[in-house]
K.L.:
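Got a structure for you, questions after.
Below, each value reflects all heavy atoms present in this structure, side chains not excepted, and no hydrogens, waters or symmetry copies. Whatever order the structure lists ligands and atoms in, that order sets their numbers, starting from 1.
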Amino acid sequence: MKKIPIIMDVDTGIDDAIAITLALSRPELDVKCITTVAGNRTIETTTRNTLDVIAYLGEDVPVAKGAVKPLVKEAKISPVTHGESGLGNAVLPHTDKKPIEADAITAMREILENSPEKVTLVPTGPLTNIAVLLFAYPHVKEKIEKIVLMGGGAFEGNVNAAAEYNIYSDPEAASVVFKSGLPIIMCGLDVTMKAYATADDIERIRKTGTNAGKFCADALEYYYNRYKINSRLPGCAVNDAVTIAYIVNPEIVTAKPSRVLVDIDGVKSYGCTASDFRPDRDRSLDNALVCTDIDREKFIDMLVCAAESYK
Ligand code: BDR
Ligand code: CA
């Protein structure tokens with residue numbers, strides 16, 4: 001089977017960890033490297049969590065450490081959203097594995113330059129590393145198949161009414177990425193809030209009886225309890241895993257073309273992904289496919305299958 005080469009760029013994070021678990025379980029994917037960025041936690045913790053998740057799953061993927069802070073703003077973590085460790089109620093043994101010597105930007109450049117085929121980038125945190133890569137090494141653009149990112153929202157925010165966390169954390173970087181001319185698939189809140197896991201779903205994942213199933217269920221349980229307090233959903237959105245589901249199974253996701261502009265000068269709308277769907281817009285300016293819906297049951301089945309596969 002011809003595999004799809006991808007590089008994940010993560011700020012692990014509960015849902016980043018689920019995205020990693022899903023990606024590494026899929027035979028269709030060749031995860032070349034996982035790069036880390038400051039976001040949900042400091043760069044030290046997102047890197048540590050990423051290494052621990054990969055080791056716990058018994059996988060071996062190079063991890064490269066990336067940006068310590070956004071391009072312009074200061075890094076701001078919320079210890080509440082993902083729990084103290086960043087992995088919810090899951091407690092993983094710490095691995096001795098270290099990140100590779102190359103930093104995230106260098107690692108991405110080397111992989112892209114040396115790849116005979118185009119590679120898909122999958123960022124599920126602030127877009128700092130991707131923006132720096134495109135600035136520092138614009139020639140690698142020709143080796144990027146597309147960018148499938150978790151971030152933004154055409155019709156809703158979660159940090160405030162207008163902005164989603166990953167984009168709001170580094171709007172200037174996001175603006176660079178959305179203006180890059182590369183094909184972008186935006187898995188924002190419009191779709192990820194429909195990709196939620198209920199208590200029953202989490203139980204299904206746990207009942208797979210695998211270590212991965214226990215880990216994912218423990219992590220998601222924390223997220224679920226947070227959502228119970230501050231969300232209208234009957235479960236927790238497994239945001240970041242939607243990117244991988246899209247790459248493996250695009251037919252379970254609905255997406256429509258749009259021109260997305262990241263607001264980097266607004267006061268109330270700073271970090272907002274203003275998405276133009278007007279039928280009479282100049283479609284030659286469209287720069288993204290904005291995902292709006294997902295077959296939730298098929299998505300959850302994918303997560304259950306992922307947990308089962310780590311027997
Ligand atoms: C995004 O913010 C982070 O907290 C999650 O990991 C996800 O990438 C959702 O807005
Ligand atoms: Ca994330």
K.L.:
Side chain or backbone of Thr192 under 4.0 Å from ligand 1, or both, or neither, by non-hydrogen atoms?
P.N.:
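The answer is neither.
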K.L.:
May I ask you to list the atoms of ligand 1 that are less than 4.0 angstrom from any heavy atom of His82?
P.N.:
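Those atoms are 3 (C), 4 (O), 5 (C), 6 (O).
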K.L.:
Is the Ca ion (ligand 2) less than 3.0 Å from at least one N/O/S atom of Thr124?
P.N.:
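Checking Thr124: at least one N, O or S atom is under 3.0 Å.
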K.L.:
Answer yes or no: is there a donor N or O on one side and an acceptor on the other, between the side chain of Asp170 and the main chain of Leu71, under 3.5 Å?
P.N.:
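Looks like yes, one N/O pair under 3.5 Å.
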K.L.:
For the side chain of Asp276 and the backbone of Arg259, is there at least one donor-acceptor N/O pair under 3.5 Å apart?
P.N.:
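No; judged by distance alone, with no hydrogens or angles, the pair does not exist.
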K.L.:
Decide, yes or no, whether a salt bridge links Glu117 with Lys2 under the criterion of side-chain N to carboxylate O below 4.0 Å.
P.N.:
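Looking at Lys2 together with Glu117, the answer is yes, because their closest N to O distance falls below 4.0 Å.
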K.L.:
Please test Asp218 against Arg206 for salt bridge (charged side-chain N to carboxylate O under 4.0 Å, His left out), starting from the C-alpha separation and ending with a verdict.
P.N.:
CA-CA 8 Å; Asp218 286 349; Arg206 186 179 296 290; 2.8 Å; yes
K.L.:
Check the pair Asp200 / Arg204 against salt bridge (charged side-chain N to carboxylate O under 4.0 Å, His left out), numbers first and verdict last.
P.N.:
CA-CA 6 Å; Asp200 286 349; Arg204 264 184 81 198; over 6 Å; no
K.L.:
Check ligand 1 against Asp16 and write out every atom of the ligand that is under 4.0 Å from a heavy-atom position of the residue.
P.N.:
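Those qualifying, in numeric order: 6 (O).
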K.L.:
Under a 3.5 Å cutoff, is there a donor and acceptor pairing between the side chains of Asp190 and Thr292?
P.N.:
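Distance-only check fails for Asp190 and Thr292.
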K.L.:
Identify, by atom number and element, the atoms of ligand 1 in contact range of Asn40, meaning under 4.0 Å from any of its heavy atoms.
P.N.:
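Heavy-atom distances to Asn40 below 4.0 Å select 3 (C), 4 (O), 5 (C), 6 (O).
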K.L.:
Report yes if some N/O of Asn239 lies less than 3.5 Å from some N/O of ligand 1; otherwise report no.
P.N.:
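Not met; the criterion fails.
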K.L.:
Could you see which bit of Thr124 sits under 4.0 Å from ligand 1, with heavy atoms only: side chain, backbone, both or neither?
P.N.:
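Within the 4.0 Å criterion, Thr124 contacts ligand 1 through backbone atoms alone.
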K.L.:
Name the orientation class of the two ring planes belonging to Tyr270 and Tyr168 (parallel below 30°, tilted from 30 to 60°, perpendicular beyond 60°).
P.N.:
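Judged by the thresholds at 30° and 60°, the geometry between Tyr270 and Tyr168 is perpendicular.
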K.L.:
Hey, are Thr198 and Asp201 close enough side-chain-wise for a donor-acceptor pair under 3.5 Å?
P.N.:
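Thr198 and Asp201 do have a side-chain donor-acceptor pair below 3.5 Å.
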K.L.:
Could you find the nearest protein heavy atom to atom 8 (O) of ligand 1 and give me its residue, atom name and distance?
P.N.:
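Nearest neighbour among protein heavy atoms for atom 8 (O) of ligand 1, to 0.1 Å: Asp240 OD1, 2.6 Å.
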K.L.:
Could you tell me the residue and atom name of the protein heavy atom closest to atom 2 (O) of ligand 1, and the distance to it rounded to 0.1 Å?
P.N.:
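Sorting protein heavy atoms by distance from atom 2 (O) of ligand 1 puts Tyr165 CD2, 3.3 Å first.
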K.L.:
Tell me, please: is Thr81 in heavy-atom contact with ligand 1, that is, under 4.0 Å?
P.N.:
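Checking ligand 1 against Thr81, which is what was asked, there is no heavy-atom contact under 4.0 Å.
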K.L.:
When you measure from the side chain of Lys143 to the backbone of Ser115, do you find a donor-acceptor pair of N or O atoms at a distance under 3.5 Å?
P.N.:
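It does hold such a pair.
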K.L.:
Does Asp16 bring an N, O or S atom to within less than 3.0 Å of the Ca ion (ligand 2)?
P.N.:
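Yes - counting backbone and side chain alike, Asp16 has an N, O or S atom under 3.0 Å.
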K.L.:
Below 4.0 angstrom from a heavy atom of Glu164, which ligand 1 atoms are there? Numbered from 1 as shown, please.
P.N.:
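Numbered from 1, ligand 1 contributes 1 (C), 2 (O), 9 (C), 10 (O).
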K.L.:
Students should be able to answer this: which protein heavy-atom is nearest to atom 6 (O) of ligand 1, and at what distance?
P.N.:
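In this structure, atom 6 (O) of ligand 1 has Asp15 OD1, 2.6 Å as its nearest protein heavy atom.
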